[in-house]
Each structure stands twice: as C-alpha cells, then as structure tokens.
Student: 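Below is the structure I would like to discuss, written out as structure tokens.
Just the heavy atoms: all of them, side chains too, but no hydrogens, waters or symmetry mates, feed the values below. Proteins come first, then strands; the chains are lettered A, B, ... in the order of their sequence lines, and each starts at number 1.
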Amino acid sequence: MISLEFKEIFAQEIALHIPTVTKMEVEQLIEKPKHEEQGDLAFPCFFLSKRLKKAPQEIALELESKLKHSLFETVAAKGPYLNIFLNKQTVSKNVLELILKDGSNYGTNKKGEGKNIVIDFSSPNIAKPFSMGHLRSTVIGNSISKIAEKCGYKVTKINHLGDWGTQFGKLITAYKKWGDESAVRKQPIEELLSLYVKFHKEAELNPVLEDEGRAWFLKLEEGNEEAQSLWKWFRDESLKEFSKIYDLLDVTFDFDHGEAFYNDMMGKTIEKLSNLQLLKESEGAEVVDLSEYNMPPCLIKKSDGATLYATRDLTAAIYRYEKYQFEQAIYVVGDEQSLHFRQLFLVLKKMGYSWAEGMKHTPFGFILKDGKKMSTRKGKIVLLEEVIKEAIELAEQSIADKNPSLQNKEEIAKIVGVGAIIFHDLKKERQNNVEFSLEDMLKFEGTTGPYIQYTHARACSILDKAQYDENTLSVDGLTDSYSWSVIKLLMNFPAVIEKSFAQHEPSQIAKYLIDLSREFNQYYSHVKVLTDDHLLESRLALVKAVMIVLKEGLRLLGIKAPNKM
RNA sequence: GCGCCCUUAGCUCAGCAGGAUAGAGCGACAGCCUCCUAAGCUGUAGGCCAGAGGUUCGAAUCCUCUAGGGCGCGCCA
C-alpha cells in the first residue's frame, strides 16, 4: 500500500498546519497531478478557501512555506495547487526493496481474510458450442476469482452449467425428428447445434413444435427414461468439448454441478415460497409479485407444472449460502440478464434472507456481430475453439519469424496466442459491448497481451545475462526520470488491485500493466541496464521488480508470462 | 410504450465518488537495430468529449431533456 502511505503522510502534514480540517478530509482530495512536471502528489486548495475565507492560491503558498518532511524533496505551490515531489532516492530504495522482499506476494492484502466468496462464471449451456459470450464470462470470472484471492478471500469457483431447462425438451424433440446417432457421435456439438437451429427455424412455421418441446422437458423433469438417457448423453458429449476449452484457457472450477443438480431441492424452494405466501397464481402459472418494486413478476412455475430458471437460481443461491456462508456471491453473467438478477435478489429478500445483500450481478456487454447481438438460436455464432487455434498458429509464425532458435516453441506459442485472446477481452471495461473482430483479437502489437509478455521476457533476459546474487542485491535508490516513472507505477500496484476488486473490474489491472510495460520499454530504450557502475545493482533491482509485478499482474488476469519468447 | 446500458481523435478505447494543458493503441507520415529480444522505441498529423439546458469558483465527469445505437420487459436461459 505504498502509494497510499505517501498520500496519508502528505495529508497528515497538511492537517497539522490547518487545525480546522481533518486528515481524512484532506486525504480524499489528494490526487495525482496530470502532468509529471507538476509533481508526484497534489492537493487542490479550493476546498479550504471557503472554510478559511482565503484565496486558494494564498493557502497553497502558506502551506508551501510550512510543510517539511524527509520524504518530500520539494513542496511547491502552483496557483491553487500544492504540489509535492517525493524524495526519489529514499522512496525508490524503499519500494524496490519491498518488492524484492515480497516477490509475488507484493500487492497482496488482507481485506477478505476469513470471508468467503462464491463466484458463478462461465456457465455454458450444454449442447451448445462454447460461444464468444461465454469466453467473456469465463475470463472475467476467472480473473475476478484470482483478484479476490489476492485480497485474502476464500474463493469458490462455480461453473453453473446450463444443463436443464426447456431447451432440452426442444433438443430431444429435434433429435427424435431429424437426428442421426452416428452423426452426433462424430461431431456432437456441431450436430446438436444444427438440430437446435433447425428446431427454431421449423418452429417459426409450425408452432406446435414448441409445445412438443415443452412436453419433452416436462417428461424429462418427471424422470422419463428415454428423455433422461438422451439428456445424459448430450451432457457428457458437451462436457468433453468444454474441458478442451478450459484446458486451453487454463481455467479450473471448484464446483461444476449445473442446474440439474438442484432438481431434488426445487420442491423445497417452492414449498417455502408457498408457506411464506409469496406465490400467486397468474394466468395458470405461479409467480412472485414484485409490483411493489415496480418490476414485472418473477415466474416460478409454468402453467404445465415445470420449473423455470428463476426457480433453479433461487434454489442454487440458497444451497450456496447454506454450504459456504458467503460474504459475496458474484454472478458473472451478461447484461441481458440484469432484470432476472434484480428479480432474483428481491425474491430472496422477500423470503427473509438477509444475506441476499451480498449477492452481486457483475454484468458484461455483448459481443456484437454487425452491430447486433449474436444469436445461438439462429446459428449466428463464432466458435471459440477455432479462434484460439488460429491465435496459436499466428503466434507460432511470429516465433518462427522473430526468434527461430527459441526452445519449446509450441508451448510458448500457446501461451502467447491464448494470452492475446484473454487480454483482448479483459482490457476493455466489462460493460462495453464489443464488436467481434478476429483481427483485433489476433494482434500482438500495441495494447495487447503479447506486448506485456514481451516486456516481461525482455526483463527476464537482462536478469539472465547479469551475474548477480538475488539475496545480496544492494539497492541504492534511483533518481533519474526514466526510473522514477517506473517506480511510481510499481508503488501503485497494490492500490490498483484494491480498486480492481472493488469494482469487479479486471480491466483496471490490464490497463495498469500496459502503462507499466510502456514505461519500462521507454526505460529500456534509454537506459543501458548492464553497465558496470555503482548503480548496476539498483538497476537490476528495478528490472527484477518490474518482472515480478508484470508476472503477478498477468497471473491475476489468467495469463502466463514466459521468460523467453 | 416502460426500464437498463452506451455515445470522447479516421478506427478501437482510457480518463468519470467534479479540479491544472483531454490521453494511449491501431491506421497515416517521418526516423531508430556494429548497442541488454525492433512483439520495441522516438517524432509529426489528428478533438465544439453526440446536442441543448442546469448545479458549481470549476463539468468529458453530477442532474434534466433531445437525438442516435444496443439490450431487456410472464411461461427460453
């Protein structure tokens, strides 16, 4: 929390000289100056001008003459701002020594110690291919999990597979009408998808199909043997496909029971709702009325008696709380389900569960194709596996081009290609819609994953070439402007982690890593590290610290950092 | 019709619990490898922050309205 400490010291000093304000008030106002030449920390004095009935410029000047601290190199009033420059020598020495000592633990905090978080992400639908939308949920959720762990939480990662629901009734209908067993065995996902698409196409002409689909789902829910065995088969085939993707992305889960897991518990949920007199009959279905919140009702049971996903989500939430006593339950699910989650949380609240306060929908924008959301039903999707494979191939080409003598080319190509795809998704804010662009995903230059990986590899390369003993590295502090820019970013890392977690926003870390990489690359091109002078070890410490932070930052995004590429 | 999200450089995006001169990347143009990995670095060009009001000493940032785009709104998930 280094940068926060300096802020605190600065605030403390100001409060010391102005009795009418508290340290807290001041600390909130301290900011980072927009331009480097203005200083390292700034305090705008407008706020005090009202209270002291003095012009802010005057206040700044007064403080300038009074403030003195060994950590401040210069204190300078500039107009209504009071700017300070930190003592580069001392600060850089402290920062580098701390990072070297902490290693990959640098930036870890204890905010969540002793608390549980369950996070529901990825959650693809069985019998459908793994779409780009699920990729977003997967990489965002995976990253938030790691960030939460970094903040001390015990995290349980849940893959809430979409393995139940009317869609299976539809699929069974389609399979029985047009399906071919050997074709499904050969290419399960493709074949099941085309059946699903065909079903929706035919159903437009012949709405009776919808009824047949619903009827088959009801049979499935009632335990019909044929329905069950088809369901199990489709499910198994899908899981095989999904695990290929998770292997490529290096994502794991602690709990991967899907919706079907809750079947036996649904009755209890409905009974409870009923006992609480929350259920209301409406047009033949059972609903929870939410008109008091100005929201449409939440459907619990269909008129034919079958359940809906709200019922399953309610049941799952209750189960999860009983099992994990979470402080937060995070759902990384697309923005289009916002209403559903608002309803879900309200129903839990009405049921009297105070823990519903800890439930958070963490939505993300859509992947658009030609400005519209991609639709599985119409078969308008891009297969993730193919995109990943293409990225890896491109990375192989790059290696052949730029570094043909590299060892384990294949492994590195995988790390770089996958890194490009993950980073591309995480660098943008969650909520933004993104137009699907293969070209952008496969870029390796500029603000990309490979750019950061490359920067890391460069740092490693210097450390490889240098002869030094990690344990006896004597750090003397660095005062030149290229080093200082890097140091300032390094000391910000812990604050970035906190912010990123508070907002459930991995993009904060992604952007930070881009900034750090850029600063380090500038440093690299202007300062020759391996020069034999008295600051050599300090420079090596800087390089090492950058390497540590880049690697750890990438890890928090779910991206690996090869030592060579 | 109602609700939620979005609109910043040619393109993709940062910047938003209000603060100093609105920043990157890509693309374009001009440079840098006898020198630690050129997946890099340096420079030039490019902006009425969708529009109009309001709050404020101060608004890209907060509020209201308008326009444009996206997504939802009972038996899909």
Student: Does any pair with a residue in residues 329-339 of chain A pass salt bridge (charged side-chain N to carboxylate O under 4.0 Å, His left out), and if so which ones, sequence neighbours excluded?
Tutor: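 For residues 329-339 of chain A: A/Glu336-A/Lys373.
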
Student: Restricting to side-chain hydrogen bond (donor to acceptor under 3.5 Å, both in side chains), what partner residues turn up for A/Thr269, sequence neighbours left out?
Tutor: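 Once residues adjacent in sequence are excluded, the partners of A/Thr269 under the side-chain hydrogen bond (donor to acceptor under 3.5 Å, both in side chains) criterion are A/Thr315.
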
Student: For a quick check, with a 4.0 angstrom heavy-atom cut-off, what is the B/S/- contact string for nucleotides 27-43 of chain B, read 5' to 3'?
Tutor: --------SBBSBSSS-

Student: Quick one: which residue pairs count as a ring-ring contact (aromatic ring centres under 6.0 Å, His included) with a foot in residues 397-434 of chain A, not counting sequence neighbours?
Tutor: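 Sorted result for residues 397-434 of chain A: empty, none.
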
Student: Taking only residues at least two apart or on different chains, which pairs with a member in residues 287-311 of chain A satisfy salt bridge (charged side-chain N to carboxylate O under 4.0 Å, His left out)?
Tutor: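 As it turns out, the salt bridge (charged side-chain N to carboxylate O under 4.0 Å, His left out) pairs with a partner in residues 287-311 of chain A, which skip direct neighbours, are A/Lys280-A/Asp289, A/Glu292-A/Lys350.
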
Student: Applying a 3.5 angstrom cut-off to the pairing atoms, does RNA chain B sit in any stems of at least three consecutive Watson-Crick or G-U pairs? List them by first number.
Tutor: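 Only these stems qualify: B:1-7 with B:67-73, B:10-13 with B:23-26, B:28-32 with B:40-44, B:50-54 with B:62-66.
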
Student: Within residues 336-345 of chain A, which residues have any heavy atom lying less than 4.0 Å from an atom of RNA chain B?
Tutor: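 RNA chain B contact set from residues 336-345 of chain A: A/Glu336, A/Gln337, A/Leu339, A/Arg342.
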
Student: Report all side-chain donor-acceptor pairs from residues 401-410 of chain A shorter than 3.5 Å, counting only partners two or more places apart or in another chain.
Tutor:
residue	atom	partner	partner atom	Å
A/Asn403	ND2	A/Met565	O	2.7
A/Lys409	NZ	A/Pro404	O	2.7

Student: For residues 278-289 of chain A, which residues have at least one heavy atom under 4.0 Å from RNA chain B?
Tutor: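 Going residue by residue through residues 278-289 of chain A, the ones with a heavy atom under 4.0 Å of RNA chain B turn out to be A/Ser282, A/Glu283, A/Ala285, A/Val287.
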
Student: What residues, two or more places apart in sequence or in another chain, satisfy ring-ring contact (aromatic ring centres under 6.0 Å, His included) together with A/Phe366?
Tutor: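 For A/Phe366 there are no ring-ring contact (aromatic ring centres under 6.0 Å, His included) partners, ignoring immediate neighbours.
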
Student: When you compare the protein's N or O atoms with those of nucleotides 20-23 of chain B, which come within less than 3.5 Å of each other, and at what distance?
Tutor:
residue	atom	partner	partner atom	Å
B/rA20	OP1	A/Lys34	NZ	3.2
B/rA20	OP2	A/Lys34	NZ	2.5
B/rA20	O2'	A/Gln38	NE2	3.4
B/rA20	N6	A/Asn83	OD1	3.1
B/rA20	N1	A/Asn83	OD1	3.2
B/rA20	N1	A/Asn83	ND2	3.1
B/rU21	O4	A/Glu37	OE2	3.4

Student: For A/Glu64, give me all partners under side-chain hydrogen bond (donor to acceptor under 3.5 Å, both in side chains), at least two apart in sequence or on another chain.
Tutor: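 Partners of A/Glu64 under the side-chain hydrogen bond (donor to acceptor under 3.5 Å, both in side chains) test: none.
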
